[in-house]
Amino acid sequence: MRKIIRGGTIVNASGASDADVLIDGETIAGVGRFDGVDAEVIDAAGCFVLPGAIDNHTHMSMPFGGTRSSDDYDTGTQAAAAGGTTCIVDFALQMHPNGLRSSLEEWMGRAEDAAHVDYGFHMAITSADRETIADMGAMVEEGVTSFKVFMAYPNVLMVRDDEFLAVLERSRELGTLVMVHCENGFAIQHLVNTALANGQTDPIHHALTRPETMEAEATGRAIRLAEFAGAPLFVVHVSCRDAAEEIIAARSRGVEAYGETCIQYLFNSIDDLRRPDFAGARYVCSPPLRDAANQPFLWNALRFDHLQSISTDHCPFTDEQKRLGLDDFSKIPNGLAAIQHRLPMMWEHGVREGRLSMTRVVDITSTAIAKMFGLYPRKGVIDVGADADIVVFDPNRRHVFGTDTSFMNVDYDIYEGQELAGSPRVTLSRGTVVFDDGKIVTKPGHGRFVRRSLFDPLAV
Ligand code: URP
Ligand code: ZN
Ligand code: ZN
C-alpha cells in the first residue's frame with residue numbers, strides 16, 4: 001500500500017516548500033500534490049516534514065573499561081527513531097591485531113535482527129599492522145568506507161603516529177575517509193597519574209586532566225599528518241574553540257579537514273562534572289565537557305560550515321556502571337546518553353532560539369552527513385528515488401525529556417525535566433512507520449545494514 005504524507009512543509013537542506021510526499025514501498029515516489037491518489041494518509045498539517053536524521057557517531061554495546069555501553073542495537077535504535085534519527089553509523093572496533101574481518105563480522109552479528117532503523121559501520125583501527133592495513137580494502141568491499149583512529153586511551157585503543165600515518169596513506173589510495181579522536185593520550189596519562197597520586201579521585205578530575213590544549217595539539221598534529229598524506233580527515237567530537245580553530249586554519253589553507261561537534265558540548269559544561277553524590281560521573285566523556293565560554297564559538301562553527309555535522313557520540317552507561325570509578329575517576333566508563341535528544345534539541349535551541357536556520361539544521365543532522373559518509377542521495381534528502389526515511393516534526397508537540405519518555409537503556413536522563421515546544425510525531429524508515437506518537441511500532445530487525453559509497457570530496 002502506498003502512503004502519502006499530506007499537508008506539511010517539506011524542509012530539505014536546499015530549501016522548504018509546502019508539498020505532499022508519496023511513498024511507494026520503501027522509497028519516495030513523488031513530491032507534490034496527490035489528491036485523489038489511493039494511499040494511506042499520514043496527516044502532517046502544521047508539521048515540518050524532514051529527511052530522517054543520521055547520527056554518524058554512536059557506540060552500541062561498546063566495550064569500555066571492563067563493561068559495555070548499555071544500549072544495544074535494539075534499544076539504541078528505538079531511541080534513535082523516537083528522536084527522529086533513521087540511520088546511524090556506529091563504530092565497529094578492531095578487537096584483534098592482524099586484520100579487520102572478524103571484528104566486522106562480530107559487529108554485524110550484534111546488529112543483525114536487532115535494529116529498528118538502518119545502520120552502517122565505521123571500522124576503528126586499534127592496531128595498524130600490515131594485515132590490518134591490507135584488510136582496509138576488504139572493508140570497502142563490504143560497504144565500510146570510513147575508518148577511525150584514536151590518539152587517546154593509551155594501551156587500549158590508541159595508535160601511534162606511525163600507525164596513524166599508515167592508515168591515512170592507505171585511505172588515500174582507497175578513497176575512504178579517516179576519522180580521528182584527537183587528544184594527546186600519553187600527556188593526559190601523565191596528568192591522570194599525577195592527579196591520582198595527589199588523591200584527586202572525583203569525576204571533576206577527569207575534565208581537569210584532559211585540558212583543551214591536549215585536544216588542540218592532537219587536532220593540529222592529526223591534520224598535519226593527513227595533509228602530508230594527502231588524505232581527507234574528519235575530526236570527531238570537537239569540544240572547544242582551540243581545536244575548532246585548528247580545523248578552520250587547515251580548511252583555509254585548502255586541507256580537506258572536516259569535523260563534528262556533539263550536542264553535549266553545546267548544552268553541557270565542565271560544571272556538570274562537579275554535581276554532588278557522584279552524579280558528575282554521568283557527564284564523564286572524552287574529550288570532556290568544557291567551559292561554557294566555548295559554546296557560542298561551536299554554534300557559529302556549525303552555522304558557518306566550519307563543522308559539518310552535529311552528532312551525539314551516544315555511549316550510555318548506567319549509574320551502576322559509572323560507579324566502577326567511584327574511587328578513581330579514570331575508571332569511570334566514558335560516554336553520555338544522547339541519541340534521542342539531538343534533533344529536538346537542535347530544533348528548540350537552534351531553530352526556535354534563532355541560532356540556525358531550519359535548512360541548516362537539516363543539513364548538519366542529515367544531508368551533509370549523508371554526503372560525507374557515502375549515503376547520499378539514497379538518504380539525507382526528501383526527493384524522488386530516495387529511501388523514505390522521513391520525520392514528521394510537529395512544532396507544537398510538547399515533549400519533556402526524562403526516563404519516562406526515554407527509550408534509552410539507562411536509568412537517568414541527563415536532560416531530565418527539560419521541556420521542548422516541538423518534537424517528532426512520526427518517524428518512518430524506508431516507508432515503514434517506526435515511531436508513532438510516543439510508541440515504537442516496529443519489531444527488532446526492521447533496520448538493515450547499509451553499504452556506503454566511497455568518500456566524494458566534491459559532494460561535501
Ligand atoms: O567518552 C566517549 N566519547 N566515549 C566513547 C568513546 C569515544 O571516545 O568516542
Ligand atoms: Zn572518541
Ligand atoms: Zn565516540
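Indexing begins at 1, ligand by ligand and atom by atom, following the structure's order.
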task = Output the atom name for the N/O/S atom of H181 with the smallest distance to the Zn ion (ligand 2).
result = ND1
What protein heavy atom lies closest to [atom]? Include the residue and the distance to one decimal.
| atom | value |
| --- | --- |
| atom 3 (N) of ligand 1 | D313 OD2, 2.6 Å |
| atom 8 (O) of ligand 1 | Y153 OH, 2.7 Å |
| atom 9 (O) of ligand 1 | H59 NE2, 3.2 Å |

Atom indices of ligand 1, in the order listed, that fall short of 4.0 Å to a heavy atom of [X]:
| X | value |
| --- | --- |
| C285 | 1 (O) |
| H57 | 9 (O) |
| H237 | 8 (O), 9 (O) |

ask   = Would one find an N, O or S atom of H59, in either backbone or side chain, under 2.8 Å from the Zn ion (ligand 3)?
value = yes
ask   = Is the Zn ion (ligand 3) less than 2.8 Å from an N/O/S atom of C315, whether that atom is in the backbone or a side chain?
value = no
Donor-acceptor contact below 3.5 Å, side chain T403 vs main chain Y412 = no
Just checking, is any N or O donor in the side chain of [X] or [Y] under 3.5 Å from an acceptor N or O on the other one?
| X | Y | result |
| --- | --- | --- |
| Y73 | D90 | yes |
| D55 | T312 | yes |
| N56 | E260 | yes |

key: Identity of the N, O or S atom of D313 lying closest to the Zn ion (ligand 3)   = OD1
task = Classify the angle between the aromatic ring planes of F48 and W347 as parallel (below 30°), tilted (30 to 60°) or perpendicular (above 60°).
result = tilted
query = Which word best sums up how the rings of H205 and F329 line up, parallel for under 30°, tilted for 30 to 60°, or perpendicular for over 60°?
reply = tilted
Flag if over 12 foreign heavy atoms under 6.0 Å of CZ, R274 = yes
inquiry  = Out of I332, L93, N334, who is nearest to atom 4 (N) of ligand 1 when you count heavy atoms only?
reply    = N334
ask   = Between S286, C315, P316, which one has a non-hydrogen atom sitting closest to atom 2 (C) of ligand 1?
value = S286
inquiry  = To the nearest 0.5 Å, what is the distance between NE2 on H57 and OG on S309?
reply    = 10.0 Å
ask   = Using heavy atoms and a threshold below 4.0 Å, how should the contact between F91 and ligand 1 be classified: side chain, backbone, both, or neither?
value = neither
Worked verdict on F455 versus F373 for ring-ring contact (aromatic ring centres under 6.0 Å, His included) = CA-CA 6 Å; F455 175 71; F373 293 101; 8.3 Å; no
